[in-house]
Amino acid sequence: MKVIASSVRKGNILEIDGQLYNVLSAESFFPGKGTPTTQVEMRRLSDGVKTVQRYKTTEQVERAYVEDREHTYLYQDGNDYVFMNPETFDQVHVSADVIGDQAVYLQEGMACQLSIFDGAAVSIELPQRVALEVVETEPTVKGQTASSSYKPAILANGARTMVPPHIAVGTRIVVMTADGSYVERAKD
């Protein structure tokens with residue numbers, strides 16, 4: 001299916017010259033003069049080679065037909081992650097290089113979108129936000145203002161992030177799975 005380049009998003013699968021590519025990032029540029037362009041960073045699924053392509057925003061690119069279906073994360077099995085289709089209870093093994101650095105945010109029972117092409121998972125989309133507990137951070141210093149000063153923290157999954165000064169050890173916070181940035185204190 002042909003789509004315009006400006007509508008390409010992270011996680012999409014493109015077909016270029018008979019090869020499948022997973023989109024890692026897509027950024028549109030609108031200069032004051034000249035033609036608006038979209039720069040797409042991709043990884044070839046067959047061998048993992050990264051490439052960067054630049055398209056005019058109105059140029060057509062071929063999106064591969066993949067089946068997007070919700071799956072539930074079960075457990076890690078060596079280098080693979082095991083997901084289950086909640087409707088058919090079929091289990092799907094997804095390799096670590098498909099998930100990439102988002103693997104630290106996987107939690108048992110988490111609902112994720114898997115893109116299936118020819119029976120194999122080719123990309124994954126995690127929930128945008130996940131709640132995690134802070135296990136290590138610097139103590140709050142009395143008199144420290146609530147300005148834009150952030151301090152480093154280590155979360156229960158081992159990921160590092162920056163949190164506001166009022167966050168203490170044991171506090172559950174919400175972080176973005178895309179970049180690990182702090183959003184808010186968890187409501188639960």
Side-chain angles (χ1 to χ4, degrees), residues 6-13 22-30 38-43 48 50 52 66 68-86 91-116 121-188:
S6 62
S7 70
V8 172
R9 299 285 173 257
K10 178 181 177 178
N12 288 161
I13 307 296
N22 184 11
V23 176
L24 303 174
S25 70
E27 198 173 355
S28 293
F29 299 99
F30 299 96
T38 300
Q39 182 171 311
V40 181
E41 185 180 339
M42 306 174 279
R43 174 177 280 127
K50 276 187 183 178
V52 176
V66 291
D68 290 332
R69 195 173 264 155
E70 189 171 288
H71 283 71
T72 306
Y73 174 65
L74 297 177
Y75 58 90
Q76 184 175 358
D77 181 25
N79 200 26
D80 288 352
Y81 294 85
V82 181
F83 292 83
M84 179 186 70
N85 183 329
Q91 291 189 4
V92 178
H93 289 261
V94 181
S95 72
D97 32 311
V98 170
I99 298 172
D101 52 6
Q102 291 184 316
V104 295
Y105 298 109
L106 282 175
Q107 297 173 348
E108 197 173 308
M110 177 184 275
C112 302
Q113 283 289 119
L114 284 181
S115 297
I116 311 291
V122 291
S123 80
I124 184 169
E125 192 176 312
L126 271 60
Q128 284 189 322
R129 301 169 175 208
V130 64
L132 293 163
E133 185 178 335
V134 175
V135 293
E136 188 182 314
T137 189
E138 299 167 2
T140 305
V141 179
K142 188 175 181 189
Q144 195 173 21
T145 61
S147 67
S148 63
S149 61
Y150 277 62
K151 61 184 182 178
I154 298 177
L155 305 175
N157 63 355
R160 296 176 182 271
T161 190
M162 299 297 281
V163 296
H166 66 272
I167 301 294
V169 172
T171 306
R172 286 180 52 81
I173 63 169
V174 175
V175 295
M176 296 297 282
T177 55
D179 59 3
S181 61
Y182 170 85
V183 177
E184 63 186 0
R185 203 177 237 180
K187 307 272 191 277
D188 53 23

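Residue numbers run from 1 in the order of the sequence given.
With sequence neighbours excluded, the residues that form a side-chain hydrogen bond (donor to acceptor under 3.5 Å, both in side chains) with D179 are S181. In terms of the side chain to side chain contact (heavy atoms under 4.5 Å, CB included) criterion, residue partners of K10 (sequence neighbours excluded) are, by chain and number, Q102. For the side-chain hydrogen bond (donor to acceptor under 3.5 Å, both in side chains) test, residues two or more places apart in sequence or in another chain that qualify with Q39 are R54. E133 is linked by a salt bridge (Lys or Arg N to Asp or Glu O under 4.0 Å) to nothing, counting only residues two or more places apart in sequence or in another chain. Scanning for side-chain hydrogen bond (donor to acceptor under 3.5 Å, both in side chains) contacts around D68 gives S115, with sequence neighbours left out. Annotation: side chain to side chain contact (heavy atoms under 4.5 Å, CB included) contacts of D101 (sequence neighbours excluded): none. The side chain to side chain contact (heavy atoms under 4.5 Å, CB included) search around S7 returns V3, I4, not counting sequence neighbours. Taking the side chain to side chain contact (heavy atoms under 4.5 Å, CB included) definition, one finds that P86 meets it with T72, sequence neighbours left out. Scored by the side-chain hydrogen bond (donor to acceptor under 3.5 Å, both in side chains) test, T177 finds no partners at all (sequence neighbours excluded). Among residues two or more places apart in sequence or in another chain, the salt bridge (Lys or Arg N to Asp or Glu O under 4.0 Å) test is passed with R43 by none. Applying the ring-ring contact (aromatic ring centres under 6.0 Å, His included) criterion to Y105, with sequence neighbours excluded, gives no partner residue.
Annotation for V134 and A153: closest pair CG1-CB, 4.1 Å, computed over non-hydrogen atoms. In terms of heavy atoms, A103 sits closest to Y81 at CB-OH, 3.4 Å. Between A159 and V104 the shortest heavy-atom distance is CB-CG2, 4.4 Å. Residues R185 and T171 approach most closely at NE-CG2, 3.6 Å, considering heavy atoms.
At least one side-chain heavy atom of Q107 sits under 4.5 Å from a side-chain heavy atom of L132. By the 4.5 Å heavy-atom criterion applied to side chains, L106 and I99 are counted as neighbours. The shortest distance between side-chain heavy atoms of V94 and I124 does not fall below 4.5 Å. With contacts defined as side-chain heavy-atom distances shorter than 4.5 Å, the pair P152/R160 does not qualify.
Looking at V135, T161, T137 one by one, the single match for side-chain contact (heavy atoms from CB on, under 4.5 Å) with L155 turns out to be T161. Here the options are E70, E125, H71, R69, the test is side-chain contact (heavy atoms from CB on, under 4.5 Å), and the partner is L114; only H71 passes.
N22 contributes atom CG, which lies 10.5 Å from atom CE of M42 (distance to the nearest 0.5 angstrom). Within the model, atoms CE of M110 and CZ of F83 stand 9.0 Å from one another, a figure rounded to the nearest 0.5 Å. Atom OH of Y73 and atom CD of E108 lie 8.0 Å apart (nearest 0.5 Å).
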Would you check, one step at a time, whether the test side chain to side chain contact (heavy atoms under 4.5 Å, CB included) holds for V8 with T38? CA-CA 9 Å; V8 172; T38 300; 5.5 Å; no

Please test V23 against R9 for side chain to side chain contact (heavy atoms under 4.5 Å, CB included), starting from the C-alpha separation and ending with a verdict. CA-CA 7 Å; V23 176; R9 299 285 173 257; over 6 Å; no

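Between Y150 and Y182, the ring planes lie perpendicular to each other; the angle is over 60°, past the 30° to 60° tilted range.
More than 12 heavy atoms of other residues, nucleotides or ligands shown are found within 6.0 angstrom of CD on Q113.
Screening residues 161-176 for salt bridge (charged side-chain N to carboxylate O under 4.0 Å, His left out) gives R172-D188 as the qualifying pairs, with residues at least two apart or on separate chains.
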